[in-house]
**Q** 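My questions will all concern the structure given below.
Atoms considered below: every heavy atom in the structure, side chains included; atoms not considered: hydrogens, waters and symmetry mates.
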Amino acid sequence: MVGVAVLVCVAAASASVAFRVQAVTTGPVADLAARSATVSASVVLTDDPKLLPRRAGRFARDRIVVPATLVTIRTRDARLAVDVPVTVFATGREWTALLPSQRLDVTARLARPTPGDLTAAVLLVRGPPQVLTPPSSLQTAAGAVRAGLREAAGTLPPEQAGLLPGLVVGDVSRMDQHVAADLKEAGLSHLTAVSGANLAIVAGAALALSRVLGLSLPLRASFAAIAMVAFAVVARPSPSVLRALLMGLVAAAALGTGRTKDGVAALSATVLLLVLFAPELARSYGFALSVAATAGILLLAPRWRDALCGASGRVRLPRWAAEAMAVPAAAQAAVTPVLVLMSGQVSLVAVPANLLVAPAVAPATLLGFGAALVAPFWPEAARLLVIPAGHAVQWIITVAGWAAAVPYATVPWPGGLGGLALLAAVVAVAVPVLRRPAGRAAVAVMAGAALVVALAVRPLAGPWPPSGWLMVMCDVGQGDGLVLAAGPGRGVIVDTGPDPVVMDRCLRRLGVSDVPLVILTHPHADHVDGLSGVLRGRRVGAVLVTPERTAPDAESRLSTTLARQRIPEWTAPPGTRWRFGPSEVTVIAPEPAHEEVNGQGEGSVSNNASVVVHVRWRAGSALLTGDIETEVQEELVRQEAVRADVLKIPHHGSPRQSPDFLSSVGARAALVSVGAGNDYGHPADSTLALMRRLGARVYRTDQSGDIAVVDQEGTLAVLTRRPP
């Protein structure tokens, strides 16, 4: 009978997927997408527009993605009424104020969706949208609650103000990038993906309130169900929210009818219903993680709790302590196979980190949700409520930062099915061994020995940063980010790369906490967008920028940021010199009154305005060239040839290089800061071949990671963080 039921469920799910695939792969929308047709279209938004991370390129543009339903297409020949899901990509901040249920008119080019996505097309929108209808009353109310929470949280420090809405309603629009990275590294990113824990807290509060009001059991269950539905609308129906909501409604129905709830049966029914009515969830990692974590808590946590309480074995803990340890451990064990498939890594700090933050999650959620509810009517009360919530959130931020800083917080693991098979083999061996006291003792000894080797022996064999480092080119992807030694714990930064999190972590590895000077060669995003990573928890003395104003918008944003942080903004003529510890830094170019130098490509004017600096140490010298192109390179040769032992190849090794300039530098080592798989073609084969003909050895961050220039017994040497 069970086998028949399983076959029926599989058949129903397969039929649901087949119908959806048929709907999105046939018809006029699919045909137009195959031809990349440009159309006028009407769409209804089905979620909040999300701001995508800025690209690591020259220009910073606000890019938006939002799911929607396509309802009307207008071409030159016809007007078609349709009803298919699409994904909208657009640019412009005006999109961020829109809410689900709003209908818009857009002009867009249709493109085929990513293979496997159950959407009919991708809409690449041109220009701003024309808003046809306001949001529904329900979405207006939900939007007011979310906006009220954001506004109330604005009184908190920035990191707390960004995390609190994410923790309460999954609103990560203002989440600090560093906090998000720490949460992910620590295995705590699920806190911002609203799920069963949030709904359980809301439902529990609703039940407690209804009991105080003296409501009957059916009314209490109904009140809890209404509270959960309202919370799901505010938090948006993500996969984890849908899963938790359906399970919560099943639990409320069981409570209202006085029947015992079977958690596993409720989870199974929930998964089946969601896959039948939303088959795209079948390939969602978020949904898989939510289901796996819930299954682990239902199936594994009770047994592990009983074992820790002393029901079996010799371990005896209070029930509350056993429960606190068993729940996150069971959830982490259940999601680990999915994480291996998804990201190819295993977290070693997730369980202790979850244990430490657990006491802060419920107070922060309840206080934050209370602030969200009263904010539209009583903003002052909302601001008072978020103050204690902010303290709870700060504890979560502190634990995440600590966990992310632990060496080997996550360990690499083979991804895909091979990694999953290896994990299964390890578990198959480990479980029988750990059942025996002798096996547990042996594993503890081996784990301790491995920890000693990892933390002591390996750093002695190959420390990073290497002793005597003078300059480190951080692996920031497609961009530049260099650090010059300026004394113990101090460093001069030359460009900050496109990603503040990556830049911050490079500085952490180097132990740099004091930055007397930041040099931003020119205002392209791949050189300046990582500045906030430098500013995080560090004193910055001043920022040197190019005297040529070639990108007014970017320069204005930069000046505003520096003024807010009370950091002086300098320009300096050629010949200006500073001494920082072992490093003597001299400005070579550009002249303050220099006319704009055009080039062949878009952005060449800003590239040619780059600040060029010469760095001298006791053991040798380096020339850091920003993104200068052929025109300025040849001008520098005409003015006065600058010699250096190490050259940072201009513009990530682009083909626009002057052979005379590269030859005149006479570098023995050439460094290229470049992103792996970039679509600019950097570094160019012609540039690499030219440097080799000139006798220079080329080092690339996309192949070697961080690159260090060190003083090795009075001469310069180049070491890399990983073998090329």
Side-chain angles (χ1 to χ4, degrees), residues 51-63 158-159 162 175-182 184-185 401 404 465 471-484 491-546 551 553-555 557-562 564-565 567 569 603 606-607 610-611 613 624 626-627 648 651-652 671-676 678 680 682 701-702 705-707 721:
L51 194 63
L52 293 173
R54 289 177 177 173
R55 287 177 177 169
R58 296 173 182 160
F59 305 104
R61 295 176 179 173
D62 293 324
R63 300 180 300 135
E159 290 187 347
M175 175 81 78
D176 183 90
Q177 295 181 58
H178 304 279
V179 173
D182 286 348
K184 182 178 180 181
E185 194 81 7
M471 181 177 77
V472 170
M473 175 177 278
C474 300
D475 181 11
V476 295
Q478 184 66 17
D480 276 3
L482 297 98
V483 186
L484 307 176
V492 171
I493 313 300
V494 182
D495 287 329
T496 62
D499 188 334
V501 173
V502 174
M503 194 67 202
D504 176 43
R505 291 190 172 177
C506 181
L507 294 177
R508 284 192 204 178
R509 289 193 293 270
L510 299 176
V512 172
S513 57
D514 186 12
V515 180
L517 182 66
V518 175
I519 300 173
L520 299 178
T521 60
H522 63 295
H524 281 165
D526 56 337
H527 292 252
V528 303
D529 272 10
L531 178 61
S532 64
V534 176
L535 300 179
R536 192 187 191 209
R538 298 179 182 87
R539 187 197 72 84
V540 175
V543 173
L544 179 71
V545 299
T546 176
D553 290 344
E555 289 158 352
R557 286 194 297 270
L558 175 61
S559 297
T560 300
T561 299
L562 297 179
R564 189 183 304 120
Q565 299 286 336
I567 298 173
E569 181 178 355
S606 288
N607 289 340
S610 294
V611 177
V613 295
L624 312 181
D627 278 0
K648 196 228 60 131
H651 201 187
H652 321 294
L671 313 185
V672 187
S673 185
V674 64
N678 70 87
Y680 298 101
H682 296 164
T701 58
D702 62 332
D706 296 349
I707 301 170
R721 193 160 177 244

**Q** So, Lys648 side chain and Gly626 main chain: donor-acceptor pair closer than 3.5 Å or not?
**A** yes

**Q** Counting N and O atoms only, with roles assigned by atom type, does the side chain of Gln478 sit under 3.5 Å from a partner on the main chain of Gly675, one being a donor and the other an acceptor?
**A** yes

**Q** With rounding to the nearest 0.5 Å, note down the distance linking CG in Asp504 to OG1 in Thr496.
**A** 11.5 Å

**Q** From Asp702 CG over to Asp475 CG, what is the distance, rounded to the nearest 0.5 angstrom?
**A** 8.0 Å

**Q** For the atom pair CD1 (Ile707) and SG (Cys474), what is the distance rounded to the nearest 0.5 Å?
**A** 10.5 Å

**Q** Salt bridge check, Asp706 against Arg509: does any charged N sit closer than 4.0 Å to a carboxylate O?
**A**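 Looking at Arg509 and Asp706, the cut-off is met.
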
**Q** Give a yes or no on whether a salt bridge exists between Arg536 and Asp182, defined as a side-chain N under 4.0 angstrom from a carboxylate O.
**A**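 Here Arg536 pairs with Asp182 in a salt bridge, since their nearest N and O are under 4.0 Å apart.
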
**Q** What's the verdict on side-chain contact (heavy atoms from CB on, under 4.5 Å) for Arg63 and Leu51, showing C-alpha distance, side-chain angles and the deciding distance?
**A** CA-CA 6 Å; Arg63 300 180 300 135; Leu51 194 63; over 6 Å; no

**Q** Assess, by modelled atom type and distance only, whether the side chains of His527 and Asp627 contain a donor and an acceptor separated by less than 3.5 Å.
**A**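 Result is yes, a qualifying pair exists.
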
**Q** Whether the side chain of Arg721 engages the backbone of Pro465 through a donor-acceptor N/O pair (distance < 3.5 Å, no angle test) should be reported.
**A** no

**Q** Supply the atom-to-atom distance Leu624 CG to Ile519 CD1, rounded to the nearest 0.5 angstrom.
**A** 8.0 Å

**Q** Would you please name every residue forming a side chain to side chain contact (heavy atoms under 4.5 Å, CB included) with Ala554, sequence neighbours left out?
**A** Pro523, Ala551, Arg557

**Q** Working to the nearest 0.5 angstrom, can you tell me the gap between Met175 CE and Glu159 CD?
**A**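 The CE atom of Met175 sits 10.5 Å away from the CD atom of Glu159.
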
**Q** Indicate yes or no: at least one non-hydrogen side-chain atom of Asp529 is less than 4.5 angstrom from one of Leu531.
**A**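 Result no, sub-4.5 Å side-chain heavy-atom pair not found.
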
**Q** Side chains of His178 and Pro500: closer than 4.5 Å at any heavy-atom pair?
**A**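 Side-chain contact under 4.5 Å: yes.
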
**Q** Once you round to the nearest 0.5 Å, how far does OG of Ser513 lie from CZ of Arg508?
**A** 12.5 Å

**Q** Return the minimal non-hydrogen interatomic distance between His524 and Ser606, and the atom names on each side.
**A** NE2-CB, 3.4 Å

**Q** Suppose the criterion is disulfide bond (SG atoms under 2.5 Å apart): which pairs have a residue in residues 510-540, not counting sequence neighbours?
**A**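 Every pair satisfying disulfide bond (SG atoms under 2.5 Å apart) with a residue in residues 510-540: there are none.
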
**Q** Report yes if the side chains of Met503 and Ile493 come closer than 4.5 Å at any heavy-atom pair, otherwise no.
**A**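 Yes. Closest side-chain heavy atoms under 4.5 Å.
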
**Q** Which heavy atom of Gly479 sits nearest a heavy atom of Pro498, and at what distance?
**A** CA-CD, 4.3 Å

**Q** Just wondering, do Tyr680 and His652 contact through their side chains at under 4.5 Å, heavy atoms?
**A** no

**Q** Ignoring hydrogens, what is the shortest heavy-atom contact between Leu520 and Val611? Give both atom names and the distance.
**A** O-CG2, 4.2 Å

**Q** Can you check side-chain contact (heavy atoms from CB on, under 4.5 Å) on Val534 and Val518, steps first, answer last?
**A** CA-CA 9 Å; Val534 176; Val518 175; 4.1 Å; yes

**Q** For the residue pair Met471 and Val494, establish whether any side-chain heavy-atom pair is separated by less than 4.5 Å.
**A** no

**Q** Less than 4.5 Å apart, any side-chain heavy atom of Val483 and any of Val492?
**A**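 No, side chains not in contact.
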
**Q** Test side-chain contact (heavy atoms from CB on, under 4.5 Å) on Val472 and Leu482; report intermediate values, then the result.
**A** CA-CA 6 Å; Val472 170; Leu482 297 98; over 6 Å; no

**Q** Taking the side chain as C-beta and beyond, is there a heavy-atom pair between Asp176 and Pro158 under 4.5 Å?
**A**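 When only atoms from C-beta onward are counted, Pro158 and Asp176 do not touch, as no gap falls below 4.5 Å.
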
**Q** Would you please name every residue forming a side-chain hydrogen bond (donor to acceptor under 3.5 Å, both in side chains) with Gln177, sequence neighbours left out?
**A**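 Scan of Gln177 (side-chain hydrogen bond (donor to acceptor under 3.5 Å, both in side chains), adjacent residues dropped) gives none.
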
**Q** Below 6.0 angstrom between ring centroids: does that apply to His651 and His522?
**A**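 No, they do not, as the ring centres are separated by 6.0 Å or more.
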
**Q** Nearest heavy-atom pair of Thr521 and Thr546: which atoms, and what distance?
**A** O-CB, 3.7 Å

**Q** Mind listing the closest non-hydrogen atom pair of Ser673 and Gly481 along with its distance?
**A** OG-N, 4.5 Å

**Q** Asp495 side chain to Gly497 main-chain N or O, any donor-acceptor pair under 3.5 Å?
**A** no

**Q** Is any side-chain heavy atom of Asp480 closer than 4.5 Å to a side-chain heavy atom of Asp526?
**A** no

